[in-house]
Amino acid sequence: MPKFNLDDILNELGVNEGKGKPPPQLASAGDPPTPKRHRVDDAEESFSPLPAMPGHQRRFGTEPPSTPSDDPAVKVKPDAAGGTPAVGPALADVYTPAGPEPGGARELGELLMHRAVVTPDRLQSARQVIRQSPGRRLEEVLIEQGVDEASVLACIAEIAGIPFERIDLAKGLDGGFDGRLLQRLGADFCKHHSVLPLRTDGRRVVVGAGRADDAFLVDEIRQRLGVPSVKLVLVPAVDIRGAMELIGAETQEPTNLGDLLAEVAEGDVQLEKDRQQQIDLEKEAGEGPVIRYVNYLIQQAVKEGASDIHIEPSEKKIKIRFRVDGELYESMNPPASMAAAVISRIKIMANLDIAERRIPQDGRIRCQVAGRKLDLRVSTLPTAVSEKIVMRILDTRSINVELDQLGFDDDTLAVWKRQIDSPHGIILVTGPTGSGKTTTLYSSVRVLDKNAMNISTVEDPVEYHLDGITQTQIHEKIGMTFSVALRALLRQDPDVIMLGEIRDGETAQIAVQAALTGHLVLSTLHTNDAPSSITRLVNIGLEPFLVGAAVNAVLAQRLIRRLCKECRTMERPGEEMAEFLTLQGLPAETVWVAKGCDKCRKTGYSGRLGIYELLTVDDQLRDVIARNPNVAEFRRMCLERGMVTLRQDGLRKVQRGMTTVQEVLRVTEAH
């Protein structure tokens, strides 16, 4: 087959005519062969190493390039200024995060503390939860613990180099967010991914998101909206939820009930049994993992020195908190699917009815942990989701405390020992729940000679068992009340009677009669200070002269956290603190502060001690009580006679480096 020259064919067809091309020259003999050139080779920049757009694939609806410079296959020339080459609109719409500022904080916890969003204690508590519940995020735990969500997200945005915004819900669809784009994106999609289209910025769509680390979410939003580019900004999830609720309220239209019922068939809704009714709770609670988890939970609480375990189920998780040194700390968050099995396991251990979830139940678990015998007092409470369980850890080691280890000053301790050695009378210990009243009474009873005395107690409930002492449990449902038990004890030839609490006038009347007939009665009251206990007895029905004749002493007390000996330090106080110390007659040059270390959970405190307000009733005060004075007048008289208040006793312990001024003020704010 003969070979043809393409240029010759084009010339014959008249394509190259008028182009100003010289006619082809014939090569002379001996000249090197001339390479053949085609028309497409005449463009100097016809080819580039990598075409910007393949041939015949231009965007639909656009015209083909008219000049070689407009051809996508031609390389882009540098601009006149000699800078970087100009880019097309497609590349100009690509959003690139700015990235963190040079020298900025790269760790979220450090930045949150630097911005004063969280305290070191709160941050340490959140990290403890994460260690106990792997897979959880720091910001998620902090927000659940009550930290401001907007402040946390602002720090995350700063680290990630993403803008942070708040949605103006007051403007709504008129500038707060874009309702048209929201409709295209889909309300269900926005709720599921916690995103919301805010506005259009040029050819880009600005979308608010509750998280900044979902790499595939931006591409999915771009495809759903059909836009060339999406710019992501970080917004609080609460703003997105508020916008979705606003959309629901604005788009809700009145419904015709007749039309609605006409579309509903009888078989459209089928009832299903509750899952908790289908599963065998006793079988689940007896499985190995559940038993091991509950055992680990109790062991961890004892290891951390907790006095209570709170198990609070919700729809998404179980919140488990320990009360350590009077403060609640979140410890771990097992999945919500374990709630039924864990609660049933604890009920089985406490001999409670696992099938009954409608009424509260109380029980007791006796166990041994690390060689220590413990009693766990279990209380269940029905909630909207499941049942909440609180377990009080009763450790005999915590009750076997000598009087001189409770925190008494030497003078107060000497007076208190004289009072409990009295042959008759009433001695009261007052304070709120959890202030250590039972520990003080038990320590006082152990000082007495159990061999030479008949000592009996009436308690509700009997928390600790004491050797050599008769302890009686109250059962109000069957009529075994404090007054009934006290009457029975008076026929048992007692020397010392310890009442768990004086709750009503009848019990108080019997206690006064026992005190006036030669018995020593120790009991508790729920009052804020010592002088108000006298008027409280009068208010529940006792005659003032009987109160003055029977009561020997009243001890009000609180528990405050003790400074950690490993990390406590002294610092120069601020101006306001120095002024307060000066007014209290204390040195204001330096003051003890709590720093925090690994041994004290970064709190700066380890253990607790008591502060006390002791009122002894002498003959002069008996005459005053018989005249039934009011609380303010009686308290003023007690202070004039030298009674040391709770706050004064706490500030004395501050001077000795046992606690801090902040802790004393927290506990004695009203004194």
Side-chain angles (χ1 to χ4, degrees), residues 118-128 145-146 300-310 321-331 392-393 395 397-399 401-409 412 429 431-440 443 528-529 555-571 573 577 580-581 584 586 590-613 644-671:
V118 298
T119 62
D121 295 352
R122 179 64 61 85
L123 184 61
Q124 176 65 20
S125 176
R127 286 173 172 167
Q128 178 70 18
Q145 292 181 347
Q300 191 70 16
V302 174
K303 178 182 177 181
E304 296 187 15
S307 60
D308 299 87
I309 304 173
H310 290 241
R321 298 190 290 175
F322 295 156
R323 186 177 294 277
V324 182
D325 293 338
E327 299 290 327
L328 278 174
Y329 296 95
E330 190 171 352
S331 177
R392 168 69 60 86
I393 301 176
D395 187 1
R397 281 172 44 175
S398 63
I399 202 67
V401 182
E402 301 297 332
L403 274 175
D404 54 2
Q405 298 176 353
L406 295 178
F408 281 102
D409 285 338
T412 306
V429 180
T433 302
S435 59
K437 300 186 299 294
T438 303
T439 302
T440 300
S443 300
N528 291 328
D529 56 12
L555 179 71
Q557 71 176 64
R558 299 288 191 278
L559 289 178
I560 59 176
R561 292 182 293 176
R562 188 190 297 265
L563 270 173
C564 176
K565 295 181 180 179
E566 301 293 334
C567 62
R568 64 174 184 172
T569 183
M570 295 193 74
E571 293 183 356
M577 179 63 69
F580 172 79
L581 294 173
Q584 299 295 326
L586 300 176
T590 56
V591 65
W592 288 99
V593 295
K595 280 295 185 181
C597 62
D598 294 336
K599 292 187 177 181
C600 61
R601 301 167 57 96
K602 301 295 184 181
T603 62
Y605 300 95
S606 178
R608 289 191 291 178
L609 74 156
I611 55 175
Y612 302 95
E613 179 180 284
V644 178
T645 65
L646 289 168
R647 175 169 291 184
Q648 290 172 346
D649 187 44
L651 292 177
R652 290 179 180 179
K653 292 177 170 60
V654 171
Q655 280 187 287
R656 298 203 295 267
M658 304 172 72
T659 187
T660 61
V661 177
Q662 292 81 359
E663 183 69 9
V664 173
L665 295 180
R666 179 184 67 86
V667 176
T668 64
E669 191 63 36
H671 296 274

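For clarity, every value in this text was computed on a predicted model and none was experimentally measured.
- Ion pair E330/R122 not flagged as a salt bridge, since none of the NZ, NE, NH1 or NH2 atoms sits closer than 4.0 Å to an Asp/Glu carboxylate oxygen.
- In this model, no donor atom of one side chain and acceptor atom of the other lie less than 3.5 Å apart for S331 and Q128.
- Checking side-chain atoms of Q557 against main-chain N and O of G436 turns up a donor-acceptor pair under 3.5 Å.
- One finds the CD atom of E613 at 4.5 Å from the CG atom of L646 (value rounded to the nearest 0.5 Å).
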Mind running side chain to side chain contact (heavy atoms under 4.5 Å, CB included) on Q655 and L586 for me, showing each step along the way? CA-CA 8 Å; Q655 280 187 287; L586 300 176; 3.3 Å; yes
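- Note that CD of Q300 and CD1 of I309 are 10.0 Å apart. Values are rounded to the nearest 0.5 Å.
- Side-chain atoms of K653 come within 3.5 Å of backbone atoms of G407 as a donor-acceptor pair (strictly under, hydrogens ignored).
- Between atom CZ of residue R568 and atom OG1 of residue T660 there is a gap of 12.0 Å, rounded to the nearest 0.5 Å.
- Of all heavy-atom pairs spanning C567 and G604, the tightest one is SG-CA, 4.1 Å.
- To the nearest 0.5 angstrom, S606 atom OG is 11.0 Å from R561 atom CZ.
- Using modelled atom types, no side-chain atom of T412 and backbone atom of F408 make a donor-acceptor pair closer than 3.5 Å.
- A 4.5 Å side-chain heavy-atom check between K602 and P120 finds every atom pair outside the cut-off.
- Here the side chains of W592 and V661 are not in contact, with every heavy-atom distance at 4.5 Å or above.
- Looking at heavy atoms from C-beta onward, S307 lies out of side-chain contact with V324 at the 4.5 angstrom threshold.
- Judged purely by atom type and a 3.5 angstrom limit, Q648 uses its side chain to pair as donor or acceptor with the backbone of T645.
- Distance alone, capped at 3.5 Å, is enough to place a donor-acceptor pair between the K437 side chain and the P432 backbone.
- Salt bridge annotation for E571-K595: present, with a cationic side-chain nitrogen under 4.0 angstrom from a carboxylate oxygen.
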Determine whether I560 and R608 satisfy the following criterion, side chain to side chain contact (heavy atoms under 4.5 Å, CB included), listing intermediate values before the conclusion. CA-CA 5 Å; I560 59 176; R608 289 191 291 178; over 6 Å; no
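- Formation of a donor-acceptor pair under 3.5 Å by the R558 side chain with backbone atoms of S435 is not found in this model.
- Without hydrogens or angle criteria, T659 side chain to L563 main chain gives no donor-acceptor distance under 3.5 Å.
- With values rounded to the nearest 0.5 angstrom, L609 atom CG is found 10.5 Å from D325 atom CG.
- For the pair L581 and P573, the tightest heavy-atom approach, listed with the atom from each and the gap, is CD1-CG, 4.4 Å.
- Nearest heavy atom pair, residue F322 against residue A306, reads CB-CB, 3.8 Å.
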When you look at R652 and V664, which way does the side chain to side chain contact (heavy atoms under 4.5 Å, CB included) test go after all the steps? CA-CA 10 Å; R652 290 179 180 179; V664 173; over 6 Å; no
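- Nearest approach of C597 to E566, heavy atoms of both residues: SG-CB, 4.1 Å.
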Check step by step if side chain to side chain contact (heavy atoms under 4.5 Å, CB included) holds for V654 and E663. CA-CA 9 Å; V654 171; E663 183 69 9; over 6 Å; no
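- A donor-acceptor pair under 3.5 Å links the side-chain atoms of D649 to the main chain of Y612, judged by distance alone.
- A distance of 13.5 Å separates NZ in K565 from SG in C600, rounded to the nearest 0.5 Å.
- Residues A301 and I393 come closest through the heavy atom pair CB-CD1, 3.9 Å.
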